[in-house]
Amino acid sequence: MEISVRLGGVPLMLSCAHNEYMLTYMPFACCDMPLASVGVSAAEVERLLPYEEGSTAPYVEHMELCTRACDALLPFERAIFHGVAFIWRGKAWLLTALSGTGKTTHYIQWKRQYGSEISIINGDKPVLDFSEEGISVHPSPWRGKENMGSMRSAPLGGIIMLKQGQENAMRRVEPKEAVAELFMQFLFTRSTPLDVRRVCALEERLLQTVPVWQLVNRGDEASARLCHDTLAKEMYNA
């Protein structure tokens with residue numbers, strides 16, 4: 001089975017041996033000529049099982065299509081990034097961290113307190129588009145276990161790196177402090193030196209373009225208020 005999809009404005013052909021996730025790809029379907037084809041061999045899916053506890057071959061294929069789609073997007077200055085992306089005050093904001101750190105929990109705290117102010121773009125793996133006009137954030141079919149997402153897009157306002165802690169504290173970080181952690185959130189296969197250089201170039205543009213914060217948080221309402229108020233003050237002073 002094949003489906004042509006548009007990710008961050010780039011048409012790609014996804015080849016699938018399983019149809020369980022076809023409905024997930026359908027909102028991104030397009031009729032444009034694909035600029036690249038993406039697929040995962042049956043042998044590769046078999047090798048990667050068990051992907052995680054309870055995973056199935058369709059799930060493995062779905063997740064591996066993500067990193068291979070990122071590889072295909074890199075020549076067009078797009079990349080798939082690990083994080084929750086939401087819109088607030090006309091800008092997209094990325095909450096990023098290792099899996100299990102509390103990105104979704106933090107977003108839910110925002111939603112509970114500022115529901116009328118924010119809207120989701122993608123709950124796990126949005127597409128970043130690096131253009132001459134700046135960096136914008138787009139949805140992808142890979143929305144995470146909670147399946148949070150929409151078809152909205154917005155210019156990137158900033159990145160919040162989450163860490164768990166006993167107290168809530170937020171501060172701006174310099175690019176040299178963020179570079180290693182952010183590099184790990186680009187979801188490509190790292191299979192070629194060229195792709196590594198491409199991601200390094202994109203990350204350099206990212207760090208030159210948008211501010212980055214570190215938020216040590218307890219996952220409570222106060223941490224969301226701290227984050228909200230810190231970003232609001234930054235936007236007011238910009």
Side-chain angles (χ1 to χ4, degrees), residues 7-8 24 27-28 66 79-129 134-175 177-178 181-182 184-187 203 206-207 209-238:
L7 299 178
T24 304
F28 300 86
C66 176
I80 298 176
F81 191 84
H82 180 217
V84 175
F86 65 94
I87 300 173
W88 174 66
R89 297 190 179 180
K91 299 283 189 179
W93 305 89
L94 289 173
L95 303 169
T96 189
L98 297 175
S99 296
T101 304
K103 300 184 298 297
T104 301
T105 298
H106 189 76
Y107 170 77
I108 291 172
Q109 293 289 5
W110 267 73
K111 193 65 177 175
R112 286 174 176 167
Q113 298 179 74
Y114 312 107
S116 62
E117 298 182 26
I118 68 174
S119 57
I120 193 70
I121 297 177
N122 185 277
D124 196 39
K125 297 174 175 66
V127 177
L128 303 186
D129 175 4
I135 303 172
S136 54
V137 183
H138 303 276
S140 86
W142 296 280
R143 294 177 168 181
K145 294 178 180 178
E146 294 80 12
N147 195 31
M148 298 189 306
S150 71
M151 298 306 291
R152 302 180 181 92
S153 300
L156 180 59
I159 301 174
I160 302 98
M161 302 189 305
L162 291 179
K163 294 185 181 298
Q164 294 177 339
Q166 297 302 311
E167 301 294 335
N168 296 320
M170 187 169 178
R171 64 182 179 86
R172 279 282 294 271
V173 298
E174 296 296 323
E177 186 178 354
E181 183 169 338
L182 293 186
M184 298 303 296
Q185 308 308 320
F186 284 87
L187 299 174
E203 183 182 19
L206 184 71
L207 291 170
T209 303
V210 299
V212 180
W213 290 267
Q214 181 187 86
L215 174 61
V216 178
N217 79 109
R218 300 175 58 187
D220 55 7
E221 293 183 356
S223 67
R225 289 195 297 270
L226 173 63
C227 185
H228 175 278
D229 294 347
T230 300
L231 298 182
K233 182 178 180 181
E234 179 81 11
M235 295 181 73
Y236 178 79
N237 293 330

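Positions are given from 1 along the sequence.
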Taking [X] for the side chain and [Y] for the main chain, is one N or O donor matched with an acceptor at less than 3.5 Å?
X: Thr24; Y: Pro141; result: no
X: Gln109; Y: Gly219; result: yes
X: Thr96; Y: Met161; result: no

How long is the straight-line distance from [atom2] of [Y] back to [atom1] of [X], given to the nearest 0.5 Å?
X: Gln185; Y: Glu203; atom1: CD; atom2: CD; value: 10.0 Å
X: Leu231; Y: Ile160; atom1: CG; atom2: CD1; value: 5.0 Å
X: Asn122; Y: Ser153; atom1: CG; atom2: OG; value: 10.5 Å
X: Ser136; Y: Asp129; atom1: OG; atom2: CG; value: 4.0 Å
X: Asn168; Y: Leu226; atom1: CG; atom2: CG; value: 6.0 Å
X: Gln166; Y: Asn217; atom1: CD; atom2: CG; value: 11.0 Å

Find out whether [X] and [Y] are in side-chain contact, i.e. whether some heavy atom of one side chain is under 4.5 Å from a heavy atom of the other.
X: Phe186; Y: Leu206; answer: yes
X: Glu234; Y: Thr230; answer: no
X: Leu182; Y: Ile159; answer: yes
X: Leu215; Y: His106; answer: yes
X: Ser223; Y: Arg218; answer: no
X: Asp124; Y: Val84; answer: no
X: Lys111; Y: Phe86; answer: no
X: Cys227; Y: Trp213; answer: no

Nearest heavy atoms of [X] and [Y], plus distance in Å:
X: Ile121; Y: Ala92; answer: CD1-CB, 3.8 Å
X: Gly123; Y: Thr104; answer: O-OG1, 4.5 Å
X: Val127; Y: Gly8; answer: CG1-CA, 4.0 Å
X: Ile120; Y: Ala85; answer: CD1-O, 3.4 Å
X: Arg152; Y: Ile87; answer: CB-CD1, 3.8 Å
X: Pro27; Y: Met151; answer: O-CE, 3.6 Å

Assert yes or no for the condition that the ring centre distance of Trp88 to Tyr114 is strictly below 6.0 Å.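 Not close enough - the centres of the two rings lie 6.0 Å or further apart.
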Taking everything shown except Met184 itself, do over 12 heavy atoms lie less than 6.0 Å from its CE?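 Count not over threshold, so no.
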Under the side chain to side chain contact (heavy atoms under 4.5 Å, CB included) rule, collect the residues that match up with Val216, sequence neighbours excluded. Lys163, Gln214
